[in-house]
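Below you'll find the structure, written out as structure tokens, and then a few comments.
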Amino acid sequence: MLQINFIKNNKEEVIKRLAVKNFTDINLIDEIISLDNERKEFQPFLNNAQENLNKLSRELGQLKQKGKEEEFQKNKLRTNFYKIQIEGFNSQLKDLDDRINHKLLLIPNLPHDSVPKGKTPEENEIVREGGKKPLLDQQAFPHWELAKKYDLINFEIGNKVTGSGFPFYKNKGAKLQRALIQYFLDYNNGAGYTEYEPPLMVNEASAYGTGQLPDKEGQMYFINEDKFYLIPTAEVPLTNIYRDEIVKENELPIKLTGYTPCFRREAGSYGKDVRGLNRLHQFDKVEIVQLVYPEKSYTVLEEMVNHVEKLLQNLELPYRILRLCGGDMSFASALTYDFEVYSAAQPKWLEVSSVSNFETFQSNRMKIRFKSADNKMQLVHSLNGSSLALPRIVAALLENNQTKDGINLPKVLHNYFGATEIN
RNA sequence: GGAGAGAUGCCAGAGUGGUUGAAUGGGCCGGUCUCGAAAACCGUUUCCCGAUGAAAUCGGGACGAGGGUUCGAAUCCCUCUCUCUCCGCCA
């Protein structure tokens, strides 16, 4: 959520930058500003009435203590006037606050200067590519065939036991999951990220904090009885650790990592785009989150991009890094880099990570602050990224490294997997 | 799931209707002393909103959250959340 004072002081810039995200509801901005002005005019009236009542109450208290009952009763009547006033002002002010908040929640984060204009994924900017695309035989198999051939993943049982998008990993398929998770976590630990194993369900306040609510309600599984949401990503519990906290300056940067299954309802869409592991309702992911000094967040973003890039290089996968255009970015992000790996038998680029800087958009909602050296309260900047989401990595590993007799695994996984290939 | 107790500042903990944003102790920070440190002593130390920005100052609000009673609530009442103790169930 944007800070209202920033909107007021930089209205033209806000409008200009929101246009990059194809947000053009200028009326909404004007409404917010005029509502906030109204609120500011109103506040003193309430404060005054309160002050008067407080004074009178103190006087009444003294009369009571001195036992001047008659005077007390006489003056007591005067409080009614203020009470009625206060009640009226209060409800109007609350109404204004609610309306302002409600409207503020509808405004997306401002995109960074470097965000390209555009509406569709085709307009994302390719920053760089790396790795080598493999040369596969004509009869190379897509991963869902390979998964069946080597008995790694069983989609049919998943369909029966739960539903589509909930596969069973089996045998070496299950072990590969375990190996990847372990490797990713170790890799993140090595870069100074503190490991957490968070809850897989969160309450409503947490879902608001990271921005899943109010508008993305339909994407999350919901436990009605307890009002819990199944997490769509570890970002939600990890970042919310610090909700409503004032952290010490010397604690920054805070670097967190965690493995969790992720649950996404992702209504609709069947067919070849979602075959096999391409899109699931439940999948495994290792996430990284950082809370940092505002001035350092873009340096940290680059650092995180390099971190993920190195991971893909270690996995020996062909990849490319995209800077998302305004239209493809998420509501809360100021700048997002997507990572895609090339899955050679489909053949297709698959998104495996998304690394974003949210600046103060999340921390303002969550009130994650620190006191700077000059004793000023400041919001931290929050960033997160996947390192990495498993299913599409598995798809690419299987497809790209297939041979006639098996699937070769990259060197970094040999020890974790306990073998050099799947056969 | 049943019964009971509780939630106060960075921490411990007092306060059970009236100048209490909050005693006291500890911690933190600053100072005196010291070559330096410890000890001792002194001082400081919550956050939000508003008064056009900053500082100072002033006003309002916040004692788990939300509502209520009252001229006045940390203190009384209701609902919720969480914690602890005992019992039950349980990987």
Side-chain angles (χ1 to χ4, degrees), chain A residues 1-11 13 32-104 197-209 213 223-229 237 240-252 254 360 363-380:
Chain A
M1 166 156 84
L2 294 177
Q3 289 167 277
I4 184 130
N5 282 333
F6 183 86
I7 297 178
K8 288 171 87 166
N9 296 332
N10 306 279
K11 186 180 156 193
E13 191 198 338
I32 288 172
I33 292 176
S34 79
L35 281 171
D36 192 61
N37 285 335
E38 212 178 310
R39 182 184 65 84
K40 278 199 179 182
E41 279 174 32
F42 225 86
Q43 175 99 26
F45 290 112
L46 175 65
N47 285 177
N48 257 328
Q50 279 286 9
E51 187 182 355
N52 290 333
L53 181 62
N54 287 344
K55 275 186 188 150
L56 190 50
S57 292
R58 245 170 271 149
E59 285 167 25
L60 283 166
Q62 279 169 2
L63 290 177
K64 194 89 177 173
Q65 272 173 343
K66 288 176 191 160
K68 299 183 177 170
E69 190 59 31
E70 227 172 279
E71 241 178 293
F72 173 85
Q73 290 301 340
K74 207 172 76 191
N75 280 295
K76 191 174 137 175
L77 297 172
R78 287 166 58 205
T79 59
N80 285 332
F81 173 72
Y82 297 125
K83 286 180 85 173
I84 290 164
Q85 256 193 343
I86 289 167
E87 201 178 325
F89 289 153
N90 242 333
S91 74
Q92 286 188 64
L93 201 63
K94 187 173 183 308
D95 180 58
L96 280 170
D97 273 338
D98 287 349
R99 280 159 69 194
I100 291 168
N101 249 316
H102 186 76
K103 288 179 194 294
L104 263 182
E197 185 175 297
L200 306 182
M201 299 180 206
V202 295
N203 58 28
E204 197 179 29
S206 295
Y208 265 100
L213 294 180
I223 315 284
N224 190 47
E225 197 142 27
D226 299 290
K227 309 290 178 224
F228 290 155
Y229 293 87
N240 271 286
I241 291 172
Y242 288 94
R243 170 157 51 84
D244 293 322
E245 297 286 334
I246 298 169
V247 300
K248 296 224 167 62
E249 190 180 18
N250 60 19
E251 287 179 75
L252 298 176
I254 291 166
T360 59
S363 59
N364 186 34
R365 274 197 194 188
M366 280 187 272
K367 299 283 168 280
I368 306 179
R369 294 168 295 171
F370 72 99
K371 211 175 232 179
S372 56
D374 56 351
N375 225 24
K376 271 181 67 181
M377 210 43 100
Q378 279 195 62
L379 294 167
V380 303

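Letters A, B, ... are given to chains in the order of the sequence lines, protein chains preceding strands, and every chain is numbered from 1.
When the P atom is compared between B/U69 and B/C10, the two are found 31 Å apart, to the nearest whole Å. For B/A23 and B/U8, the C1' atoms lie 12 Å apart once the distance is rounded to whole Å. Nucleotides B/G13 and B/G64 place their P atoms 15 Å apart, quoted to the nearest Å. As rounded to the nearest Å, B/A3 and B/C89 have C1' atoms that lie 16 Å from one another. For the C1' atom pair drawn from B/U19 and B/C33, the interatomic distance equals 39 Å after rounding to whole Å. To the nearest whole angstrom, the two P atoms, one in B/C47 and one in B/C42, are 26 Å apart. Taking the C1' atom of each, B/A73 and B/G21 are spaced 14 Å apart, rounded to whole Å. Here, B/G26 and B/C48 have their C1' atoms 28 Å apart, quoted to the whole Å.
The nearest heavy atom of RNA chain B to A/N80 and to A/F228 marks one nucleotide each, and the one closer to the 5' end goes with A/N80. Remark on RNA chain B: of its neighbouring residues A/L53 and A/G61, the 5'-side contact belongs to A/G61, judged by nearest-heavy-atom nucleotide.
Between A/F89 and A/F45, the ring planes are tilted. Angles from 30° to 60° get that label.
Within the nucleic acid shown, A/S57 comes within 4.0 Å of at least one base atom, counting heavy atoms only. Residue contacts for A/K55: at a heavy-atom cut-off of 4.0 Å it reaches no nucleic acid atom on any strand shown. At a threshold of 4.0 angstrom between heavy atoms, the contacts of A/F72 include nucleobase atoms, whether or not backbone atoms are also involved. Residue-level contact check: A/L56 touches neither bases nor backbone, having no heavy atom under 4.0 Å from any strand. If you check every strand for non-hydrogen atoms under 4.0 Å, A/R39 touches sugar and phosphate atoms only.
The closest donor-acceptor contact from the side chain of A/E251 to the backbone of A/K248 lies under 3.5 Å. Side chain of A/S57 to backbone of A/L53: a donor-acceptor contact under 3.5 angstrom is found. Formation of a donor-acceptor pair under 3.5 Å by the A/N203 side chain with backbone atoms of A/F228 is not found in this model. Using modelled atom types, one side-chain atom of A/N10 and one backbone atom of A/F6 make a donor-acceptor pair closer than 3.5 Å.
A straight line from CD of A/Q62 to C1' of B/G17 spans 16 Å, rounded to a whole angstrom. Atom pair A/L77:CG and B/U70:P shows a separation of 14 Å (rounding to whole Å applied). Here B/C82 presents its C1' atom at 15 Å from CG of A/D244, a figure rounded to the nearest Å. When rounded to the nearest whole Å, the span between NZ of A/K376 and C1' of B/C48 equals 16 Å. The CD-P distance, from A/E87 to B/U70, rounds to 12 Å in whole Å. In this structure, CG of A/N90 is placed 11 Å from C1' of B/G60, rounded to the nearest angstrom. Atoms CE (A/M377) and P (B/U45) sit 15 Å apart, rounded to a whole Å. When rounded to the nearest whole Å, the span between CD of A/Q43 and P of B/A62 equals 13 Å.
In this structure, A/Q50 reaches the B/G61 phosphate: one of its side-chain N or O atoms is under 4.0 Å from OP1 or OP2. Between A/K83 and B/G72, a side-chain N or O to OP1/OP2 separation shorter than 4.0 Å is present. One finds no side-chain N or O of A/R369 lying less than 4.0 angstrom from the OP1 or OP2 phosphate oxygen of B/C47.
We find that A/K55 and A/E51 are joined by a salt bridge, their nearest charged nitrogen and carboxylate oxygen being less than 4.0 Å apart.
No side-chain donor from either of A/N37 and A/S34 sits under 3.5 Å from a side-chain acceptor of the other. Side-chain atoms of A/R369 and A/S363 include no donor-acceptor pair closer than 3.5 Å.
Base pairing of B/G59: its partner is B/C49, meeting the Watson-Crick or G-U wobble criterion (both donor-acceptor distances under 3.5 Å). Using N1 to N3 plus N6-O4 or O6-N4 for Watson-Crick, or N1-O2 and O6-N3 for G-U wobble, each under 3.5 Å, B/C41 pairs with B/G31. In this structure, B/A54 makes no Watson-Crick or G-U wobble pair, since no nucleotide meets both defining distances under 3.5 angstrom. Under the Watson-Crick or G-U wobble criterion, with both distances below 3.5 Å, B/G72 is left unpaired in every strand shown. Nucleotide B/A5 has B/U83 as its partner under the Watson-Crick or G-U criteria, with both atom distances under 3.5 Å. Remark: B/G66 base-pairs with B/C78. Criterion, Watson-Crick or G-U wobble with two distances under 3.5 Å. B/G21 makes up no base pair with any nucleotide shown, lacking Watson-Crick or G-U wobble contacts both under 3.5 Å. Base-pair partner of B/C89: not found among the strands shown (Watson-Crick or G-U wobble, both distances under 3.5 Å).
Within 3.5 Å, no donor on the side chain of A/N47 pairs with an acceptor on the base of B/G60, nor the reverse.
Nearest nucleotide to the side chain of A/E51, out of B/G59, B/U19, B/C48: B/G59. Relative to the side chain of A/N54, the nucleotides B/G60, B/C47, B/A51 differ in distance, and B/G60 lies closest. Which of B/G50, B/C71, B/C47 sits closest to the side chain of A/P44 comes down to B/G50.
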